[in-house]
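Remember, predicted model here, so these are calculated numbers, not experimental data. Chain letters run A, B, ... following the sequence lines, proteins first and then strands; every chain starts at 1.
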Amino acid sequence: MSMDQILSQLNEQQLEAVKINDGSLLVFAGAGSGKTRVITTKIAYAIEVLGIKAHQILAVTFTNKACREMQERVINMVGDTGNMVMIRTFHSFGVWLLRRYGQLVGLDKNFKIYDDDDSIALLCQAYPDDNKKEIAGYYKKIAVLKDRLEKPNKMDERLCKYYSKYEEQLRRTGNVDFADMIIKSIELLQTHPEVQTEVQNRFRMILVDEYQDSNKAQFNLLKLLVGPETFICAVGDDDQSIYRFRGAEVKNILDFPKAFKNTKKVVLGKNYRCTESILDVAKDVIDNNRTRAEKTLSAYNQGGDLPQIYYVDSGIDEADQVVKMLKQFHESDPEAYNNSAILYRTNSQSKDFEDRLMINGIPYHIVGSLRFYDREEIRDCIAMISLMTNPRDSVAFQRMINKPSRKIGDVSIEKLLEIAITDQSIQGDVILACKKAVDEKVIRGAAVEGVKNFVDAFDRCQGLFGTMENGKFLKQVLLEFGILDFYVKRDTTERLKINKRTENIEQLVNMLSFEEFSDGQEGVNRFLELASLEASALGEEEGHGTEGVTLITMHNTKGLEFERVFMVGMENEIFPGRLDERTEEDIEEERRICYVAMTRAKKELYMFCASSRLRWGNVQPESPSMFLKEIDESHVEEIDLRFKSRFGGQFRFDNRQDSYRSGYGNGFGNSYTSHGNRYSANYVNTEKFFNRDQDETEGRPKPSEASRFNIRNMKSPVLIKKGAASAPAKPASVTYEVGDRIRSEFYGEGTISGKRQFAGREVLDVKFDSGRTGTFACDKVTFEKI
DNA sequence: GGCGACAAACTTTTT
DNA sequence: GTTTGTCGCC
């Protein structure tokens, strides 16, 4: 395709954005307004019209998936030279830079990327007596601080202690964590002007996608990359900023003009992805955010089916209903599975859907969650590779020293690490520490033999590295250390599992035999990089990568689009989650997530809301997401599939049920109760999915269907109603202590077995005489003391 | 030091 | 319901 043809496909604003190429450019691009198209076209235009060399262009996006897609599109436009354009995430760009110059800022030549688990393990090594969970919590804070380039508050002594110790330990290993990929790059450019000049001269054009999700560290890095001759263009949408929890600052996009000189602004306000109906719903919701830039986004595709909200009784009914609909769509459209997606807020919600899809033989694939890299056996292999190539990696060492069992216990391991960390002559080398410990008899008993064996295996293998291709080398390592044997045995004991661990290992060995990873240290580095930065890419079996229904978190859908979208679990406490401990800002972020999720749908959008859900083995009542209530009634179709709504309204979902959980509703205004009535309107869609199961003349389901639908939850709606009517609220004065005997209206008599903090409030664990257990929020229970 | 049995904690979101 | 952690015994 010629450049003229490419340009002729753009609208006026898009064309304007492509043609501005001096100073700085900020593109405000609403959802579906063609921002990727603008970026890719800008790249093509720069190469073919402006004569900029492909390798002088750097494009930064947010996910690796987006990188691949962009590279592909660029290649489609300009041919093979598109491969020369550097398209990376911020993090992988940092790695690229640090692989070349990292030693200047104290990194190991072959530094490895520690993920969160590795980092926590590292911190635990330094404080073996401290509570692991607490350390993990502090690590999270440290990670956010680093993303924001902040130091811990001096008032929090423990955080300060952990922070400095963590940094010290990390430097000792020579490795980096996620934040370091950016921070160390910044440090490098600041302390080595010659490197900065070199980099600035190399990149004439820098394009940043999803700019609203950049954090302070990334922003600072960007500023250092832009030289006097560099053209910078950032593209983003403040309404789609959904990574605040990770330090993303919407401020970056609003302050862009201040940070970069001569900034011109272009607004892309035409949405080409969604139908007007879908965009209307998304706008209804996002309009409730107070802190956002004013903007207009209009739909190119007029009309369209109204989005639908389905009310169901339980999580299982929700999954059943989605499956049922998918099957029906599939009858008329063989592509229906491939272009449908199920979107949920948290990964844990995927399980019910997996089960149901599996049982019904519907093909599906999950994006994200269960990562190949996270499997125990794969992490073991990777730990071994890391250790072989960097003996200062104490985290990898700790993981593998006694696996398989070499009779080296926790006490011995602690001693070994102690030596590695403190002994100056060893410089953190854990293998030297082992040798020293054996020589000086620090280790005793059976452990001595084990440590010797480990060191011997290490010495035998290290000589082999680089003499054979990496896949073969790994296999040899696994044999020498007895890891392969270990997993062969595990596979026989775990034969019920579908996934054989040895097969996963085999796959990994194969992967390391691929040309790009097979060659010595370079190959290993490339591989480890891929493994930690793009974990989902590993282990994607052919045919499973894109075939079938997509299961994905709302966060992960960023930049993607689907013909048909199912948003599930639209209930307060799930989405938005943990309502009562959230600030207004948190809610606004959740609302943006909702906006992003809704605007993924091109043609059809279905939202699901269950009135009860199984959580921790207990049936918990759920209330409809506040976001559903923000949608204008005329913009959606509401379909009530709940049991109680199908019996003449006797057990209708009405205000009383809301008042049962009034604790959650308070503070969000009276829309809560006023909308309650909307649900009891008992709207039943008679044309699409329901008519097959229901008696046409009655407009109601057959009894058998109704009972099948609800057999598991028969109790739940009835109980809720009873509770609300007879015991409206617990007097604030009643308190419960462990050991108290109580009577619950729902479950009978029992004993309070525990009282603890959970999710920021006090909860009670109760053991009922019937044998069942339950967890209840203190301020919400209506137990009678006996 | 290893292993099994039981209890407790558990659910944000990701590079 | 599931996973992780602790305790006691061999």
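- The interatomic distance linking A/Ile587 (CD1) with B/dT13 (C1') rounds to 14 Å, in whole Å.
- Stacking between A/Phe245 and B/dT12 is absent: the aromatic ring centre is not both under 5.5 angstrom from the base six-membered ring centre and within 30 degrees in plane angle.
- Applying the side chain to side chain contact (heavy atoms under 4.5 Å, CB included) rule to A/Ala121 yields the partners A/Val395; only residues at least two apart in sequence or on another chain are considered.
- Side-chain nitrogen and oxygen atoms of A/Asn347 include none within less than 4.0 Å of the OP1 or OP2 phosphate oxygen of B/dT12.
- Scored by the side chain to side chain contact (heavy atoms under 4.5 Å, CB included) test, A/Gln398 finds A/Gln125, A/Ile413, A/Leu417 as partners (sequence neighbours excluded).
- Distance CG (A/Asn64) to C1' (B/dT14): 11 Å, rounded to an integer number of Å.
- Shown here are the side chain to side chain contact (heavy atoms under 4.5 Å, CB included) partners of A/Ser412, two or more places apart in sequence or in another chain: A/Ile408, A/Ile443, A/Ala447.
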Review item, nucleotides 1-3 of chain B N/O atoms under 3.5 Å of protein N/O:
from: B/dG1; atom 1: OP2; to: A/Asp410; atom 2: N; distance (Å): 3.4
from: B/dG2; atom 1: OP1; to: A/Asn402; atom 2: ND2; distance (Å): 3.4
from: B/dG2; atom 1: OP1; to: A/Ser405; atom 2: OG; distance (Å): 2.7

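- Residue A/Glu418 places its CD atom among 12 or fewer non-hydrogen atoms of other residues, nucleotides or ligands, all under 6.0 Å distant.
- Within 4.0 Å of A/Ser348, counting heavy atoms only, lies at least one base atom of the nucleic acid.
- Taking atom CD1 of A/Ile113 as the reference point, atom P of B/dT14 lies 18 Å away to the nearest angstrom.
- A/Asn289 pairs by the side chain to side chain donor-acceptor pair (under 3.5 Å) definition with A/Arg591, not counting sequence neighbours.
- When the P atom is compared between B/dT11 and C/dT6, the two are found 16 Å apart, to the nearest whole Å.
- For the pair A/Lys133 NZ and B/dT11 C1', the computed distance is 13 Å after rounding to whole Å.
- Around the NZ atom of A/Lys415, the shell of radius 6.0 Å holds more than 12 heavy atoms that belong to other residues, nucleotides or ligands.
- In this structure, A/Arg345 reaches the bases: a heavy-atom distance under 4.0 Å links it to at least one base atom across the strands shown.
- For DNA chain C, the outermost nucleotides in 5' to 3' order that have an atom under 4.0 Å from a heavy atom of chain A are C/dG1 to C/dG5.
- Scored by the side chain to side chain donor-acceptor pair (under 3.5 Å) test, A/Asp237 finds A/Gln240 as partners (sequence neighbours excluded).
- Straight-line distance from the CD atom of A/Glu210 to the C1' atom of B/dT14: 13 Å, rounded to whole Å.
- For A/Glu249, the side chain to side chain donor-acceptor pair (under 3.5 Å) test picks out no residue, with sequence neighbours left out.
- Contacts of A/Tyr243 with the nucleic acid, taken as non-hydrogen atoms under 4.0 Å apart, involve only primed sugar atoms and P, OP1 or OP2.
- Between A/Thr63 and the phosphate of B/dT14, there is no side-chain N or O to OP1/OP2 separation shorter than 4.0 Å.
- Atom CG in A/Leu343 sits roughly 13 Å away from atom C1' in B/dT13 (whole-Å rounding).
- In this structure, CZ of A/Arg613 is placed 17 Å from P of B/dT11, rounded to the nearest angstrom.
- In this structure, the CD atom of A/Gln218 is 12 Å from the C1' atom of B/dT14, given to the nearest Å.
- Scored by the side chain to side chain contact (heavy atoms under 4.5 Å, CB included) test, A/Lys141 finds A/Asp156, A/Leu159 as partners (sequence neighbours excluded).
- Here the OG atom belonging to A/Ser386 is positioned 7.5 Å from the CG atom belonging to A/Asn175, to the nearest 0.5 angstrom.
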